[in-house]
Structures are given as C-alpha cells and as structure tokens.
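A, B, ... follow the sequence lines: proteins, then strands. Residue 1 opens every chain. Values in this document were obtained by computation on a predicted structure and should not be read as measured data.
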Amino acid sequence: MSFVEAQNIWVRYGDAPILERVSIAVERGSFCTIVGASGCGKSTFLRLLLGQERPQRGRVLMEGAVIPAEPTPDRGIVFQRYSVFPHLTAMQNLTLPAAFEQSPFLGRLFGKARREAEEAADAMLAKIGLSHARDRYPAQLSGGMQQRLAIAQALLKRPKILLMDEPFGALDPGIRLDMQTLLLNIWRETGMTIFMVTHDISEAFRLGTRLIVFDKVRHDPQHPTAFGATITYDLKLKDGTALDSFRAAEFLAEQTINQDGAVHV
Amino acid sequence: MSVGPISQIGADEPASLPLSPLPRSREPAAAPAYAPAAASGRMRLINQHPGRGEKILLGALLFVALIIAYSIGSYLRLSANPDDKLLPSLAQMSRAMYEFAFVPDVRSGDYLLWSDTAASLGRLFSGIAISAMIAVGLGVPAGFIPRARATLAPFVAAISLIPPITILPVLFIIFGLGETSKIVLIVIGTAPVMVRYMAQMVTEIPQEQIIKAATLGASTWQMILRVVFPQIMPKLITCIRLSLAPAWIFLISAEAIASTGGLGYRIFLVRRYLAMDVILPYVAWITLIAFALDRLLYLYSKRRYAWAHIEGGAL
Ligand SMILES: Nc1ncnc2c1ncn2[C@@H]1O[C@H](COP(=O)(O)OP(=O)(O)O)[C@@H](O)[C@H]1O
Ligand SMILES: [Mg+2]
C-alpha cells in the first residue's frame with residue numbers, strides 16, 4: 001500500500017476540465033516536485049491533497065483511507081504568499097500552534113505553558129536563523145525570511161505530508177539556493193513526504209526524488225480549455241539526475257520546444 | 001546536467017508591485033548632464049512635491065482665505081447695518097462663546113457649551129459603541145461562517161436600506177423622547193452599514209491564512225479569536241471613523257427634534273432668535289470635535305495595531 005495515492009482524479013470548474021485521469025502512488029518519505037505550465041492545475045492538485053477541494057471523480061487516499069474533507073494538522077502547507085500571520089511577530093507565529101492545541105477557549109497561553117512554547121519557538125527560530133527577528137512582524141521580514149518562518153511554522157505540528165505551492169517563486173536566486181538547502185536538511189531530518197510545486201525545472205531536479213509533470217495530452221487548438229491536464233511524466237530522481245535518462249531527455253527536449261513556443265505537446 | 005528554468009511557462013504571478021510612490025530622489029548636484037531636466041521648472045507638475053513648510057502653508061491657505069472672506073463680508077454688512085444678524089463679526093462670536101463657555105446659564109446654572117458637548121458626546125459614544133459591538137458580533141460570523149452569512153446577509157442588507165430618519169417617529173413612540181431613542185437612532189443609522197463593512201473585511205482576509213490556521217489545528221472559534229479578530233480590529237477603527245459622519249447627522253437630527261440639551265438642540269433653539277453668533281461657533285466646534293475624534297482614532301490604531309500600518313497606512 002502506498003502512503004499517498006490519487007486514483008483516477010477528474011476536476012472541472014464549471015465547463016472547464018482542469019485535471020483528468022490523474023493517478024499516482026507515492027511512497028512515504030518521497031520528495032515529489034511538480035512542474036507544469038501555468039494554469040494547468042498544479043495548485044488544484046495540491047488543494048485536493050490538502051482536502052480543501054474534492055475531485056468530481058476519483059479519490060485521494062492517505063495510508064489507505066480517504067483523506068479528510070478539510071485541512072487537518074497531518075498535512076502542512078506553505079504558500080507562495082500569505083503563509084504567515086501578518087498580525088503576529090515571528091515568535092507569536094511559532095507559538096500559535098501550541099496555543100491552539102492547549103487552549104481551546106482562549107487560544108492563548110499563559111505562565112508555564114507559554115514559557116515552554118516560547119522556548120520551543122526560540123529553538124526553532126535559531127534553527128532557521130531568525131533569532132534576531134524574533135519580535136518582528138512579517139512585513140518587516142524579507143521574502144526569504146518570511147518563507148523560512150512559514151516552513152518552520154508548518155513543521156511545528158509534525159505533519160506527515162508537507163505541501164508547498166511555489167514556495168520560493170518570489171525569492172532572489174541566491175536566497176532560493178539557501179532555502180533549498182534548508183528544505184533538504186529538514187526533509188532528511190524529518191522523513192516527511194513532500195509535494196512541492198515549482199516553476200524552476202532545475203529546482204525540481206535538484207530537490208526531488210520524483211519529478212511529476214502535468215500537461216495536457218489532448219489539445220484542441222480551437223478550444224484550448226476543452227481538455228484537462230494529466231500527469232505526462234513521472235521521473236524517478238536521485239541527486240539531481242533522472243534515473244531514467246531517456247525519459248528525462250525526452251521531457252527536456254519537449255521543454256525546449258515549448259520555450260520556443262513552436263510546438264505544443 | 002544543466003537545466004534552465006522554465007520561468008516563461010510557469011511564472012504564475014509576478015511579485016506584487018509596491019503601492020507606495022517611489023521615494024523622491026534628493027540628488028546632489030553631481031550629475032550636471034541631467035541638471036536641466038531636473039530643474040523644477042521643467043519637471044512635470046505631478047512630480048513636483050511641496051516641502052514640509054510649504055505643505056503646511058498650502059494646507060492653511062484655504063482656511064485663511066475663508067476667514068478673510070468671511071471677515072470682509074461681515075464687515076461690509078455690519079457697516080451697512082450694525083444690527084445685522086446674518087454675518088456676525090469674529091469679535092461678536094467670541095463674546096457669545098465666552099458667555100456659553102465661562103458664564104453659567106441664568107436658568108439652569110450650567111455652562112452651556114460644556115453641558116451641551118457632554119450630552120451630545122455621551123449619546124454619540126453610546127450609539128457608536130453599541131454599533132461597533134453589533135458590527136463585530138454580527139459582521140464576523142456573517143463574513144466567516146457560511147451558515148451565519150446565509151442567515152444574516154439578506155436581513156442586514158434589507159435593514160440597511162431603511163432610511164433611518166423615517167424610523168425616528170417610531171422610536172419616539174416606543175422609547176419616548178429621552179436618551180434611548182436618540183441612541184437607538186444612531187445605532188439604526190450606522191450599525192447595518194458597519195455590519196456589512198466588517199463582514200466584507202473578514203472575507204478579505206486571505207483564504208491562505210484560514211487554511212494555514214486549519215492545518216495548525218485551529219477550531220473555528222480559535223480562528224475567530226486569533227486570526228480574524230486581531231486582523232479586523234484596525235478595520236473596525238477605520239469603520240468607526242467612516243461611521244462618525246452619519247452618526248453626527250443622526251445625533252443632531254434627533255436632538256433638533258426632541259431634546260433638552262446637546263449641541264444640535266442648542267443650534268436649533270437659538271435659530272429662533274437668528275443667533276448666528278452662537279450657531280456658527282457651535283458648527284465650528286462640532287467640526288473640531290469630529291476632526292479630533294477622527295485623528296485620535298487614527299493615532300490609536302497606529303499605536304495599538306502597528307503591524308497594520310507598516311506598509312503605508314490605512315486610509
Ligand atoms: N475556484 C476556481 N474556480 C474556477 N476556476 C478555477 C478555480 N481555481 C482555479 N481555477 C482555474 O483552474 C485552472 C488551474 O488552476 P491552478 O491549479 O491554480 O493552476 P496552476 O497552479 O497549475 O497554475 C486555472 O485555469 C484557473 O483559472
Ligand atoms: Mg498555482
């Protein structure tokens with residue numbers, strides 16, 4: 001039994017099919033990087049895994065059971081933006097999960113419980129190199145610092161799955177490298193299963209143990225929205241290289257063609 | 001293996017553009033080649049910004065102009081007819097106000113300006129406070145909980161269309177002519193719009209944050225307490241600031257119709273004697289109070305909710 005499994009998923013918004021016949025089985029501890037053209041349904045796929053939306057057909061299983069129909073702490077998420085709470089300082093952002101857990105009515109911690117949560121948060125801040133920014137609000141942090149905080153916050157509940165939607169898309173290249181290293185370390189340490197959408201193919205290769213490509217297999221030039229996207233490539237990766245180099249070469253050749261804008265697959 | 005990014009294909013949203021205007025460059029005269037273009041005479045009007053002193057001067061300009069124009073008009077009328085009541089001189093108005101502020105009224109023994117102000121502000125604050133509580137109490141559920149929205153939205157929308165003044169007779173019949181009906185008028189006049197505004201503000205909290213809170217284990221109640229409330233508090237202050245203007249209108253109307261004291265009562269009382277020397281300063285005084293309240297609320301928001309004012313202020 002696979003850890004996460006999507007079985008023949010179809011999603012449409014109104015008349016427009018977005019995803020069709022998406023099936024995939026993912027082992028525990030995988031790092032799946034997801035690429036695909038803008039608007040092809042990558043975020044939609046993550047929302048299905050999160051339980052924020054349900055597919056019209058098919059189902060998503062985790063450990064053999066259909067995933068809950070709403071977000072729960074066993075699946076963490078990091079968005080490209082708005083991932084941390086703007087009205088809370090870095091420290092408060094990190095003690096919030098403990099407050100949710102221990103204080104059902106007030107959602108706030110006092111005394112000893114608060115000190116303990118703050119100690120844990122301080123340790124986390126040190127780990128992600130944000131100790132100096134402990135009492136700053138997100139708007140006072142750089143994009144990279146905000147995303148580090150967002151990742152740290154998502155990790156606090158020790159989710160089994162971490163979903164990331166273009167988490168580094170808005171960051172400078174140098175910072176992006178640091179973030180990738182940080183993320184790889186966290187992944188190795190925790191053994192979490194990660195799904196990460198990115199539009200940077202080199203990032204997808206460098207980080208993933210598996211590269212999933214969404215694209216349309218059927219295409220009607222008169223009606224670009226007539227068909228949904230599905231998984232067209234599913235490459236096993238190791239240390240930034242594809243294990244099936246022939247398929248990888250095929251995929252990359254396609255990308256070059258796409259970039260030239262000449263042919264669509 | 002070197003692989004290029006497919007940013008052209010995948011670039012979803014560009015990083016958001018800064019909303020604040022670009023900082024004005026205070027360049028030293030070190031770039032002679034471009035000096036002619038930078039000379040203020042050649043620069044577009046939209047790019048010429050007044051300095052600090054000039055700003056204050058420009059801001060005062062129209063006030064001074066108004067006072068001068070009034071003084072001239074008043075002088076002309078008074079020199080034609082010393083008993084003219086329409087445009088009293090600044091001195092006459094000062095005298096009248098001095099009596100209202102510092103000489104006890106012969107009948108009641110009150111210092112009328114202060115007792116009127118206290119009565120009006122008491123009503124205004126009570127009304128606005130009740131409206132604010134209703135706005136949060138109904139607006140948050142209406143903006144956050146689908147079932148509450150389905151229940152409240154049509155009702156509040158309908159209520160907010162009732163012209164509040166038309167309710168005033170009903171209020172007088174039900175609550176009598178006392179304080180209650182005046183406060184209730186302010187509440188009825190301001191609360192529905194405030195509820196809708198607050199509900200709107202709640203729906204504008206990015207969905208990402210709500211999902212994030214859910215993945216961190218928050219219940220609906222905890223989301224309201226820790227994510228929604230704190231973020232709409234600065235909006236509530238904005239909402240109150242916007243509602244103060246209609247609140248004043250309803251207050252003055254109610255006081256004009258049935259009251260025994262208050263700023264609006266006084267203005268409509270002395271109108272019978274054409275006492276412009278009282279009415280005009282009272283109007284100025286109300287304006288000043290309204291301005292001060294607005295500023296105080298803004299400064300409070302800035303102090304208390306610093307995070308909300310980091311990227312350019314709200315309103
Ligand atoms: N709630 C929605 N209602 C209608 N259409 C939607 C909705 N969410 C997404 N879409 C559409 O579905 C398509 C896929 O969106 P998305 O999953 O965000 O793409 P990606 O993340 O791959 O760029 C887009 O064309 C988008 O316009
Ligand atoms: Mg997306």
Side-chain angles (χ1 to χ4, degrees), chain A residues 35-39 42-43 50 52 70-77 79-89 96-97 99-101 103-108 137-140 143 150 153-154 156-157 159 166 169-170 198-205 240-242 248 252 255 258-259 261, chain B residues 1-20 146 201-202 204-237 301-302 304-314:
Chain A
V35 299
S38 182
K42 306 179 297 292
S43 301
L50 188 63
Q52 190 193 341
E70 64 173 1
T72 49
D74 52 11
R75 286 154 295 155
I77 181 128
F79 297 102
Q80 185 174 5
R81 297 173 60 207
Y82 304 123
S83 257
V84 287
F85 298 104
H87 60 293
L88 300 176
T89 61
L96 191 63
F100 285 151
E101 188 170 319
S103 173
F105 295 113
L106 293 178
R108 285 180 187 281
Y137 289 104
Q140 297 166 313
Q153 191 184 43
L156 286 168
K157 295 299 284 186
E166 308 197 18
T198 172
H199 59 252
D200 178 350
I201 291 194
S202 58
E203 180 173 87
F205 271 96
T241 5
L252 290 170
Q255 288 310 313
N258 281 347
Q259 277 188 331
Chain B
M1 176 174 51
S2 90
V3 181
I6 50 163
S7 45
Q8 293 93 325
I9 302 176
D12 232 353
E13 301 146 86
S16 67
L17 294 167
L19 288 173
S20 53
M201 289 302 117
V202 172
E204 278 176 16
I205 295 174
Q207 188 63 21
E208 284 91 339
Q209 288 185 27
I210 308 302
I211 292 165
K212 182 72 180 250
T215 64
L216 297 179
S219 65
T220 302
W221 172 242
Q222 287 174 325
M223 286 179 196
I224 289 178
L225 273 190
R226 296 299 315 269
V227 181
V228 177
F229 267 171
Q231 292 201 60
I232 59 160
M233 276 323 194
K235 314 276 187 192
L236 177 65
I237 293 180
S301 174
K302 236 178 139 161
R304 180 73 181 70
Y305 304 105
W307 60 268
H309 296 270
I310 291 171
E311 306 160 301

Pick one of side chain, backbone, both or neither for Glu70(A), based on which atoms fall under 4.5 Å of a heavy atom in chain B. neither
Flag, side chain of Gln222(B) to backbone of Phe100(A), donor-acceptor distance under 3.5 Å: yes
Note: vs chain B, highest number of non-hydrogen pairs under 4.5 angstrom among Arg108(A), Glu203(A), Arg75(A) is Arg108(A)
Most chain B-contacting option - heavy-atom pairs closer than 4.5 Å, from Pro71(A), Gly143(A), Ala204(A): Pro71(A)
For Thr89(A), which atoms come within 4.5 Å of any heavy atom of chain B: side chain, backbone, both, or neither? neither
Taking side chain as C-beta onward, heavy atoms only, is Glu208(B) less than 4.5 Å from Ile77(A)? no
Can you name the nearest heavy-atom pair linking Leu225(B) to Phe105(A), along with the distance? CD1-O, 3.1 Å
Atom group of Thr72(A) that falls short of 4.5 Å from chain B, counting heavy atoms: backbone
Which pair of heavy atoms, one from Tyr82(A) and one from Pro206(B), lies closest together, and at what distance? CD2-CG, 3.6 Å
Most contacts with chain B, counted as non-hydrogen pairs under 4.5 angstrom, among Leu156(A), Val84(A), Asp74(A), Leu106(A): Leu106(A)
With the side chain counted from C-beta on, respond yes when His87(A) and Met233(B) share a heavy-atom pair under 4.5 Å apart, and no when they do not. no
Phe85(A) CZ to Lys212(B) NZ distance, which is reported to the nearest 0.5 Å: 7.0 Å
Can you establish whether the number of heavy atoms outside Glu204(B) located under 6.0 Å from its atom CD is more than 12? yes
How close do Gly76(A) and Thr215(B) get, counting heavy atoms only, and between which atoms? CA-CB, 4.4 Å
Nearest 0.5 Å please: distance from the NE2 atom of His309(B) over to the OH atom of Tyr137(A). 11.5 Å
